[in-house]
Protein chains: 2
Amino acid sequence: MSYERANIREMTGYASGEQPAQPDIIKLNTNENPYPATAAVAEALRNCRVEDLRRYPSPLADRFRRTAAEYHQLEIDNIIPTNGGDELLRLVITTFANAGDTLAIAEPSYSLYPVLADIQGCKTARIMLGEDWSNPEDFADQANRAGARIAFVVNPHAPSGHLNSSAELSRIAENFSGVLVIDEAYVDFIDPELRYDAVELTRKFDNVLVLRTMSKGYSLAGLRFAYGIGAQSLLAPMLYKTRDSYNTDYISQTLATAALQDRAAAALNWAKVRAERLRLHRALSEMGFYCGNSQSNFILAQIPQHADALAGAERHALSLYQQLKSKGILIRYFDQPRLRDKLRITVGTPDQNTQLLLALRQSLQPSTD
Amino acid sequence: MSYERANIREMTGYASGEQPAQPDIIKLNTNENPYPATAAVAEALRNCRVEDLRRYPSPLADRFRRTAAEYHQLEIDNIIPTNGGDELLRLVITTFANAGDTLAIAEPSYSLYPVLADIQGCKTARIMLGEDWSNPEDFADQANRAGARIAFVVNPHAPSGHLNSSAELSRIAENFSGVLVIDEAYVDFIDPELRYDAVELTRKFDNVLVLRTMSKGYSLAGLRFAYGIGAQSLLAPMLYKTRDSYNTDYISQTLATAALQDRAAAALNWAKVRAERLRLHRALSEMGFYCGNSQSNFILAQIPQHADALAGAERHALSLYQQLKSKGILIRYFDQPRLRDKLRITVGTPDQNTQLLLALRQSLQPSTD
C-alpha cells in the first residue's frame, strides 16, 4: 500500500549533479570551489573533540550568528543559520506559502525551486528571463498578477552567471507584495569593483530574504551550512517556529564561524577563481563558444550555431558533454529549454581548466578519418 | 507586515530543554549520554580533513546506509539517514499527512510532535496512556476512529521510560490503517535480557517506521544524525522526493558510521548507565519518590503525596526543581497534566548522580529554622 500524499506520489524528486566517487575525475559540474577551506578552518576542525558532541549544540548557532551579524552590520535576529541553503529554501516555502498558493520562479534557474513547490503542493508561475538572462522589468508585476506569495531569483544568476544590480532587485522588492528570496549562493565570486550589495535591501524592505551559503565561496559544500539575512519580523517565524529545533550541528557551527572570521583568506581564492574565469572566458570565446559575462564560479558556454541550426547545436552540446565525460572531465548539461545548446562549466584550478580546454579543442577538431 | 501562513502565526514553537553554556553545571535535563563517544569515533573525527568538505557529501550517506543495513540485516533502501531525529519526524508528516489531516499522538510524550503537526496544519488526536504509561489496548482503534494518517509512539516511552513490548506494537501496526512511527531514541538503554526488537516489525508491516538516533546511545547529540528503518515502499518518497537533497553532512556521516561499527564499545557505556539507573531508582524510592520501571537513560520521579494533596505535590516538584537549579543541578520539570508532580532526571555519571541525591536529600529535610 502507498501512504504518501497525492502530490508527493505524483511529483518527481530533485536530480542533483553527479557526485562520482573516483578521486581522479576532473569535476567541473556542481560549482564547488577548487581550493580547500582556509588554514583557520582546518585548525578549527582539528580542535573539535568528540566530547564537544556529547551535548546538544546551540539551537540557534549563537556564536555564528554574532559573527555574521557583525560582518553584515546587523543584529543577530537578522540572521538565520540553516543546514545548507536547501533547508532555507524549504523553510521559506513551508513558512510563507500554503498548499495551493503560487510561487514565482525566474526561468530558468535552480531546478530545486519547483521541486520544493511540489512538496508543499504549491503552483509555480515561471517568469521568463531576458535574452541576456536578466530579470524582466515587470518581474514584480508578473509575480503580483500571478498572486505569488514568494518569488525566487538567484543572483548572480545560475546557470548563466549574469548579475542583476541591487537597484533592479530593490525595484522588485518594492513592488512585489510577497517575500522576495535572493539566492546569493555565488555572491563571493562577484568582482569587488562592482560594489554589489543586496544585504542593504534587508534593511529597507521587510520582505527580502538573502540566502548565503558556506558551500561555494568558503569551500564547505560537504559541511552543509548556510544562512539567511532578513528583517527580524521576516525571520522570526522560521527562527522560533518552523526550523527543526537543532538544525545545525556543533562542528558545522564551529567551522562556519571560523570560515566567516577568516574571509580575508578565502577572498584570495575568490580572486584566483576570477582570474581563471577570465582566462576560460577568453579561451572559450576564441574557440567559438558564446559566453555571457559571468560573475559566478562557472561559465555557461553556448555552442556555435551554423546557419541557425539549433537542433544541431543541441546535439553538439550533448555530444561534447559525453566526450568530456569519457575523458574523465565532468561538466553540466541541462536537458531543458534554452539550455540544450549550452554547457555549464565550473571554474577549476588552472591545471584543471587547461586540461578542460585541451580536451574541448580535441573534440572540436574536424575528424581526420 | 506579516507574511507567514495563518497557522504559523497562531502556533507556538517548540521549547527545548535548557542548554546552559556554563561547563560546571550538572546537566541532567535533556537525556544526553554522560560518557563521550568511543575511541573509534574520536579517531574518525581526527581523520576528517577540510579537503573532504570541499565537495558535496554523499546525498544519501551510502556508506552509513550500508553499515546500518548490515547491522539490522536489511537492505540499504530500508534505511533513511536524517539530520537528527527531528528531521525524520518532520519528513514523515510532510510526506504522509496533508494540511487538515489528523495525527494520533500518545499523550503525554515528546512535545515536538504537536508542534510539527501545527506547522503542517494537521489536527492531533491525543491517545491517553494508561496509569503505568502503557499504550491503551485499543490504541489502533482510537487512531483509526480519529482518521489518523500517522500515529506516534515513543518506546521506551518518554518521559517515563516505560517499555511497550514489540508484541503490543505489532498489534497496533497490524490494526492501524496509517503509518506507525516508533520513536526509539532511547532504545540502546533497554536491558538486553528483555530481547526487545521492533525492527522486525518493519519486515512484516509496510506501515512501520522505526526511528533511531546517534544522539543518546552514541553520545553524538551535537552531531545531528539519526536514521529511519522501514519498508522500501514507505521510505522511497522520503529518500527520493521530500528529503533535502544533501540533508546530512560529510563529517556526521563519517562519525555516525564509525559509531555504529564500534557499537560494542558504546554498549559498555549503556551498561554503566543501566547500573546507575538501578542505583538512582533504589535511592529515589528510599527517599519516598515513586519511580516506575525505566528502560531509558532517565527516571521519572513522582513526589510523595501526603493525604492525596496533588496541588501540594505539584508545588513541591516545582520547588525541588528550582532548589536543585540554584545548586547548579539541572533536571527537567514539565508544566503539563499528569507531570506537574514529577521530575525527570537524566542518569548521569556516578559522581553526578551522587551529588544529585545529596542535594535532593538536603532539600527534602525538614527545615530546622
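Every chain is numbered from 1, with letters handed out A, B, ... down the list of sequences.
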- Note on the structure: Answer key: most heavy-atom pairs under 4.5 Å with chain B among A:Ala37, A:Pro237, A:Cys48 is A:Pro237
- Item | Smallest separation among heavy atoms of B:Arg90 and A:Arg90, with atom names | NH2-NH2, 3.0 Å
- Best-contacting candidate, A:Leu112, A:Ile119, A:Asp52, A:Leu116, against chain B by heavy atom pairs under 4.5 angstrom: A:Ile119
- Task: Check whether A:Ala97 gets within reach of chain B through its side chain, its backbone, both or neither, counting any heavy atom under 4.5 Å.
- Result: backbone
- Item | B:Tyr35 versus chain A, the contacting section by heavy-atom distance below 4.5 Å | backbone
- Query: Which one of A:Lys216, A:Glu32, A:Glu51 has the most heavy-atom pairs closer than 4.5 Å to chain B?
  - Reply: A:Glu32
- Message: Please check: side-chain N/O of A:Asn83 versus main-chain N/O of B:Thr248, any donor-acceptor pairing under 3.5 Å?
- Response: no
- Item | Nearest-0.5 Å distance that lies between atom CG in A:Asn29 and atom OH in B:Tyr56 | 10.5 Å
- Query: With a 4.5 Å limit on heavy-atom distance, are the side chains of A:Arg5 and B:Phe96 in contact?
  - Reply: no
- Item | Least distance between heavy atoms, A:Gln120 atom then B:Gln120 atom | OE1-OE1, 4.4 Å
- Message: Heavy-atom pairs under 4.5 Å with chain A: which of B:Val92, B:Asn33, B:Asp244, B:Thr94 has the most?
- Response: B:Asp244
- Heavy-atom proximity to chain A below 4.5 Å, by part of B:Ala99: neither
- Query: Which heavy-atom pair separates A:Pro36 from B:Arg54 by the least distance, and what is that distance?
  - Reply: N-CD, 3.8 Å
- Examine whether an atom of A:Leu234 lies under 4.5 Å from a heavy atom of chain B, and if so say whether it belongs to the side chain, the backbone or both; otherwise answer neither. side chain
- Note on the structure: dist A:Thr95:OG1 -> B:Ile8:CD1 (nearest 0.5 Å) comes out at 5.5 Å
- Return the option, out of A:Gly84, A:Gly178, A:Ser233, with the maximum number of heavy-atom pairs under 4.5 Å with chain B. A:Gly178
- Quick one: closest heavy-atom pair of A:Leu223 and B:Asp249, and the distance? O-CB, 3.2 Å
- Query: Heavy atoms, side chains only, cut-off 4.5 Å: are A:Tyr3 and B:Arg149 in contact?
  - Reply: no
- Message: Using a 4.5 Å heavy-atom cutoff, which residues in residues 250-261 of chain A come close to chain B?
- Response: A:Tyr250, A:Ile251, A:Leu255
- Query: Do A:Arg224 and B:Pro57 come close enough that some side-chain heavy atom pair is under 4.5 Å?
  - Reply: yes
- Item | Contact class of A:Thr242 relative to chain B, heavy atoms under 4.5 angstrom | both
- Note on the structure: Under 4.5 Å to a heavy atom of chain A? For B:Ser58 that would be neither
- Item | Contacting region of B:Asn7 [heavy-atom separation from chain A under 4.5 Å] | side chain
- Item | Toward chain B, the part of A:Gln19 with a non-hydrogen atom under 4.5 Å | side chain
- Among B:Ser2, B:Gly121, B:Ala6, B:Pro34, the residue with the most heavy-atom pairs under 4.5 Å to chain A is B:Pro34
- Proximal component of A:Ser177, with respect to chain B [non-hydrogen, under 4.5 Å]: backbone
- Task: Evaluate the criterion side chain to side chain contact (heavy atoms under 4.5 Å, CB included) for residue pair B:Lys241 and A:Tyr14; output intermediate values, then yes/no.
- Result: CA-CA 7 Å; B:Lys241 293 182 174 179; A:Tyr14 173 71; over 6 Å; no
- Message: What part of B:Arg243 gets within 4.5 angstrom of chain A, counting heavy atoms only: side chain, backbone, both, or neither?
- Response: neither
- Query: Cut-off 3.5 Å, side chains only: do B:Tyr246 and A:Glu87 have a donor facing an acceptor?
  - Reply: no
Contacts table for residues 38-46 of chain B: side-chain donor-acceptor under 3.5 angstrom, sequence neighbours left out:
unit_1	atom_1	unit_2	atom_2	d
B:Thr38	OG1	B:Asp262	OD2	2.5

- Among A:Leu220, A:Val115, A:Asn98, single out the residue with the greatest number of heavy-atom pairs under 4.5 Å to chain B. A:Asn98
- When heavy-atom pairs shorter than 4.5 Å are enumerated against chain B, which of A:Arg55, A:Lys27, A:Arg49 gives the highest number? A:Arg55
